[in-house]
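Throughout, protein chains are lettered first and strands after them, A, B, ... in sequence-line order, and every chain is numbered starting at 1.
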Protein chains: 2
Amino acid sequence: MSAEIDLRPEQIVAAAVDILRESGLDAVSMRSVASRLGVTPPPVYARIGNKDALLDAVADHFLADLAPAVDRDELWPDYARRWTGQLRQRLTEAADSRLFLQVKRPAYLEASRPLLKCMRRDGMDRDRAVRACRLLTWATVGFVAMDHPPLDAPRRRNRLAGSDPAGVTAEEVDELFSAHIDYLIDGIQRES
Amino acid sequence: MSAEIDLRPEQIVAAAVDILRESGLDAVSMRSVASRLGVTPPPVYARIGNKDALLDAVADHFLADLAPAVDRDELWPDYARRWTGQLRQRLTEAADSRLFLQVKRPAYLEASRPLLKCMRRDGMDRDRAVRACRLLTWATVGFVAMDHPPLDAPRRRNRLAGSDPAGVTAEEVDELFSAHIDYLIDGIQRES
DNA sequence: ACCTGAACACCGTTCAAGT
DNA sequence: ACCTGAACACCGTTCAAGT
């Protein structure tokens with residue numbers, strides 16, 4: 001009689017995501033994930049490899065199917081605003097910058113492909129489009145990293161919901177992000 | 001006979017910085033720092049508090065005396081380019097984004113005061129200047145965080161010196177940073 | 001073949017015991 | 001008063017042992 005358990009990699013990632021949502025990234029350990037699945041660590045290692053690989057998979061989970069569809073008569077600047085907004089939302093959901101700074105660059109590259117295609121369609125040459133995507137992606141990830149420092153779960157301070165100790169309100173942050181992206185788009189357009 | 005040891009907080013921070021430079025942020029532990037100072041952990045706790053406080057102090061170390069002097073007839077856009085360049089250099093020295101994303105915002109606010117003053121001197125109104133500083137600071141920190149992900153020391157991959165696996169060379173990164181900052185400066189100027 | 005239990009070498013942090 | 005040694009509750013990871 002085999003004691004084998006139906007333990008697919010997606011279930012492991014899902015368990016990690018659940019723990020992340022409930023208790024923060026610091027609560028995600030090989031042991032806590034295994035335990036949530038009713039298993040000891042070795043079976044998890046057999047499926048996922050190690051903790052880095054698990055966190056990569058969790059990050060990929062948040063970036064999956066990120067890009068919205070391009071509207072037929074939508075120019076790239078408008079699409080870029082929607083795309084970066086979407087990326088920002090996904091990263092914000094992950095709620096811990098350590099997770100998505102550690103994600104390998106190829107994942108962002110993959111996610112930015114529709115944006116690149118939209119720029120090419122509007123006549124931007126390949127090098128410029130690649131550079132523009134890089135600029136917008138880095139700016140968005142960097143911005144969210146700054147906006148959601150990794151001091152949430154472990155060192156919970158006086159972070160009252162809605163009021164920020166540093167004196168920056170959520171509206172100001174939204175406005176800052178929009179302005180940031182608009183300035184970049186303006187600059188990219190002006191160079192073409 | 002007292003076994004008391006001359007152990008000042010600055011020495012503790014210096015030891016942590018040394019370990020960070022030599023072996024990366026993951027090698028900085030309360031135990032490794034204590035051990036380098038020839039001491040057990042409790043005396044370190046007595047001086048510094050805990051690990052978060054130690055890392056805050058290490059981050060402050062890298063941001064200390066950051067702002068270059070403002071030249072007499074230098075307009076704020078030029079100074080902003082120098083200031084963000086300096087900030088980028090300091091953050092790059094720290095070499096691990098986890099360190100400076102975790103630094104409390106007041107440290108950046110302090111560092112940006114000369115930039116704010118320079119903008120005010122050039123006639124920008126207070127709200128605009130505060131917003132512009134925030135934009136430039138966040139963009140710089142975010143950019144460096146993206147450029148130096150925390151996968152250096154622990155998970156050392158095939159990161160050949162000079163050649164980047166993601167296909168972005170150091171020159172391209174420099175150019176990307178300059179362009180990013182220039183676009184922001186242009187945008188800020190255009191709104192005034 | 002695949003899981004469990006236990007181990008190894010680490011953490012951050014605290015505390016009784018020594019001097 | 002202040003340091004040491006040891007402990008507690010965790011890590012990531014591996015491996016012999018069981019079934």
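For B:R90, there are no side-chain hydrogen bond (donor to acceptor under 3.5 Å, both in side chains) partners, not counting sequence neighbours.
With salt bridges taken as basic N to acidic carboxylate O contacts below 4.0 Å, one links A:R131 and A:E191. A salt bridge links B:R36 with B:E22: at least one charged nitrogen is closer than 4.0 Å to a carboxylate oxygen.
Aromatic rings from A:Y183 and B:Y183 are positioned such that their centres are separated by 6.0 Å or more.
Remark: the backbone N or O of A:E172 is paired with a side-chain donor or acceptor of A:T169 at under 3.5 angstrom.
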Show the distances under 3.5 angstrom between N or O atoms of the protein and N or O atoms of nucleotides 9-12 of chain C.
unit_1, atom_1, unit_2, atom_2, d
C:dG12, OP1, B:M30, N, 3.4
C:dG12, OP1, B:K51, NZ, 2.9
C:dG12, OP2, B:M30, N, 3.0
C:dG12, N7, B:R31, NH1, 2.4
C:dG12, O6, B:R31, NH1, 3.2
C:dG12, O6, B:R31, NH2, 3.3

Which nucleotides of DNA chain C pair, in dot-bracket form (Watson-Crick or G-U under 3.5 Å, | meaning another strand): ||.|||||...|||||.||
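You'll find the side chain of B:S112 reaches within 4.5 Å of the side chain of B:W83, heavy atoms only.
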Report the C-alpha separation of B:T140 and B:T137 in whole Å, then their side-chain angles, then the decisive distance to 0.1 Å, and conclude whether the side-chain hydrogen bond (donor to acceptor under 3.5 Å, both in side chains) test is met. CA-CA 5 Å; B:T140 303; B:T137 304; over 6 Å; no
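Take the nearest nucleotide of DNA chain D for B:V39 and for A:P42: the residue whose nucleotide is more 5' is B:V39.
With a 6.0 Å cutoff to the six-membered ring centre and a 45° limit on the axis angle, A:R88 does not count as a cation-pi contact of A:F143.
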